[in-house]
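Read the structure below first, then the notes.
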Amino acid sequence: MKVVSQSVGSLRKIDFVDALLRSKGVSAENSVTFEDPGAVGVACVSYVGPVHTFKPANQIYHGIGYRVCGAQTVRIDKPRSFPRGTGRSGMTAIVPASEESAWLSKGPHEMVHFYLSSRLVSDLAAEVYGVDGNHVEIQEAAFHIDESLARYAMIFRERLHDPEPVTELELNAVAHLLGAHLLRRYSNLARRPPSRIDRKLSTAELRTVTDYILAHLDSALRLSELAAVIGMDQYRFARAFQAATEDTPHKYLMRLRIAHAQDLLAASDLSLSTIAATVGFSSQSHMTLAFQRNLSVTPGRYRSERGNVVREESGPVRSVAGAA
């Protein structure tokens with residue numbers, strides 16, 4: 001077995017996953033970390049041959065597995081009559097944190113795994129549905145087709161192979177999406193209407209958040225940190241922010257970093273590495289990748305043209321006055 005990507009999220013904080021990888025001679029490198037205990041873990045793993053895997057009961061993470069391709073996997077802790085006990089390409093299986101499970105994979109195959117904090121799901125239930133999150137139950141779901149989870153898995157499979165570092169803002173975003181999806185479809189709250197309609201951030205709130213981001217642009221900003229600036233919990237903040245800007249906090253932050261880098265490239269003689277660090281990119285290569293994706297030009301080429309590449313090519317950061 002080998003890890004396809006070295007970019008994995010929070011696996012060190014999930015005991016049974018770490019034990020499984022170690023038992024197969026695999027260690028997770030360059031993991032993305034959260035404040036303990038972590039909202040979500042993501043791994044893209046390929047198995048080079050038949051393998052038995054086991055998930056103990058009473059963990060703090062709900063497990064979601066999506067089969068990308070390869071040989072079948074069979075649930076072996078259930079009787080043969082267990083419906084949908086065999087997984088094939090394009091199928092998803094969900095195992096709640098409280099459940100025990102054992103699996104036999106019959107040959108080489110590739111999986112995307114999500115490990116979603118049960119605490120996060122409980123908090124989302126309280127926020128979205130206005131109920132005591134401690135009474136929320138996630139239902140086990142054997143192998144089946146779930147197009148939404150398939151999209152999330154393939155998006156993150158591609159993302160995990162990307163040289164650009166996975167950020168905590170991105171992992172928080174997928175945690176919220178997955179948590180809301182589990183509640184809507186696989187919990188005892190399924191088909192229950194939300195307790196209220198989400199609102200947008202006000203103009204003043206968005207200006208406060210934007211000013212904070214600009215003042216800390218060189219930092220690795222957390223979603224919880226941005227939410228605390230205006231005294232909002234991070235789950236409601238993420239939705240209200242996107243409603244106001246039509247961007248996730250991560251995408252909005254990236255737009256601001258690129259815009260500030262453009263200004264410095266055009267108006268200063270600072271080195272590319274210094275500019276990258278000043279605006280919060282993890283490295284000069286990270287900034288170059290962001291420029292190529294959003295502006296179709298490298299930072300060096302942008303500087304040499306001194307403004308010939310207009311900022312509108314990537315879409316301007318929406319004005320604070322008009323965003324709400």
* Student check: side-chain heavy atoms of L149 and I94 closer than 4.5 Å -> yes
* Could you tell me whether R157 and E110 have a side-chain N and a carboxylate O separated by less than 4.0 Å? => yes
* **Distance-minimising heavy-atom pair for Q139 and E137** => NE2-O, 3.6 Å
* What distance separates Y152 OH from Y66 OH, expressed to the nearest 0.5 Å? -> 14.0 Å
* To do: Kindly say whether the aromatic ring centers of H176 and F237 come within a distance under 6.0 Å.
  => no
* Calculate, to the nearest 0.5 Å, the distance between atoms CD1 and OG belonging to I230 and S202 respectively. => 7.0 Å
* Is the closest side-chain donor-acceptor distance between T274 and S271 under 3.5 Å? -> yes
* To do: Kindly compute the distance separating CG (L265) from CZ (R301), expressed to the nearest 0.5 Å.
  => 14.0 Å
* Any idea which heavy atoms bring H286 and S282 closest together, and the distance? -> ND1-OG, 3.0 Å
* May I ask you to decide whether K251 forms a salt bridge with E246, counting only side-chain N to carboxylate O separations under 4.0 Å? => no
* To do: Using a 4.5 Å cut-off on heavy atoms from C-beta on, say whether the side chain of V74 contacts that of K106.
  => yes
* Asked: Quick one: are T298 and F291 in side-chain contact, heavy atoms under 4.5 Å?
  -> no
* Closest non-hydrogen atom pair, S283 against A276 -> O-CB, 3.7 Å
* Structure fact -> dist Q59:CD -> S117:OG (nearest 0.5 Å) comes out at 12.5 Å
* Asked: Do you know which two heavy atoms are closest between E225 and L221, and how far apart they sit?
  -> OE2-CD2, 3.6 Å
* **Pairwise distance CZ(R67) to OG(S89) - rounded to 0.5 angstrom** => 6.5 Å
* Asked: What closest approach, in Å, do A125 and G133 show between heavy atoms, and which atom pair accounts for it?
  -> CB-CA, 4.4 Å
* Should we count CD of E158 as having more than 12 external heavy atoms under 6.0 Å? -> no
* Do T278 and D218 touch side chain to side chain, with heavy atoms closer than 4.5 Å? -> no
* Asked: Do H144 and Y186 pass the ring-ring contact (aromatic ring centres under 6.0 Å, His included) test, and can you show the C-alpha distance, the side-chain angles, and the key distance before you say yes or no?
  -> CA-CA 12 Å; H144 64 292; Y186 300 101; 5.6 Å; yes
* State, with a plain yes or no, whether a side-chain heavy atom of T86 is found less than 4.5 Å away from one of T73. => no
* To do: Go through the side-chain N and O atoms of Q242 and Y252 and say whether any donor and acceptor fall under 3.5 Å apart.
  => no
* Do D146 and H181 have side-chain atoms, one donor and one acceptor, less than 3.5 Å apart? -> yes
* Asked: Do L272 and M287 have side-chain heavy atoms sitting under 4.5 Å apart?
  -> yes
* Pairwise side-chain contact, L253 with L217, heavy-atom cut-off 4.5 Å (strictly under) -> yes
* Is there side-chain contact between P249 and L223, with at least one heavy-atom pair below 4.5 Å? -> yes
* Asked: Where do I275 and S268 come nearest, in terms of heavy atoms and distance?
  -> CD1-OG, 4.3 Å
* Asked: Looking just at side-chain N and O atoms, do S101 and W103 make a donor-acceptor pair shorter than 3.5 Å?
  -> yes
* Structure fact -> Result for side chain to side chain contact (heavy atoms under 4.5 Å, CB included) between L116 and one of V174, V121, I60 points to V121
* Between CD on residue E147 and CD1 on residue I145, distance to nearest 0.5 Å -> 8.0 Å
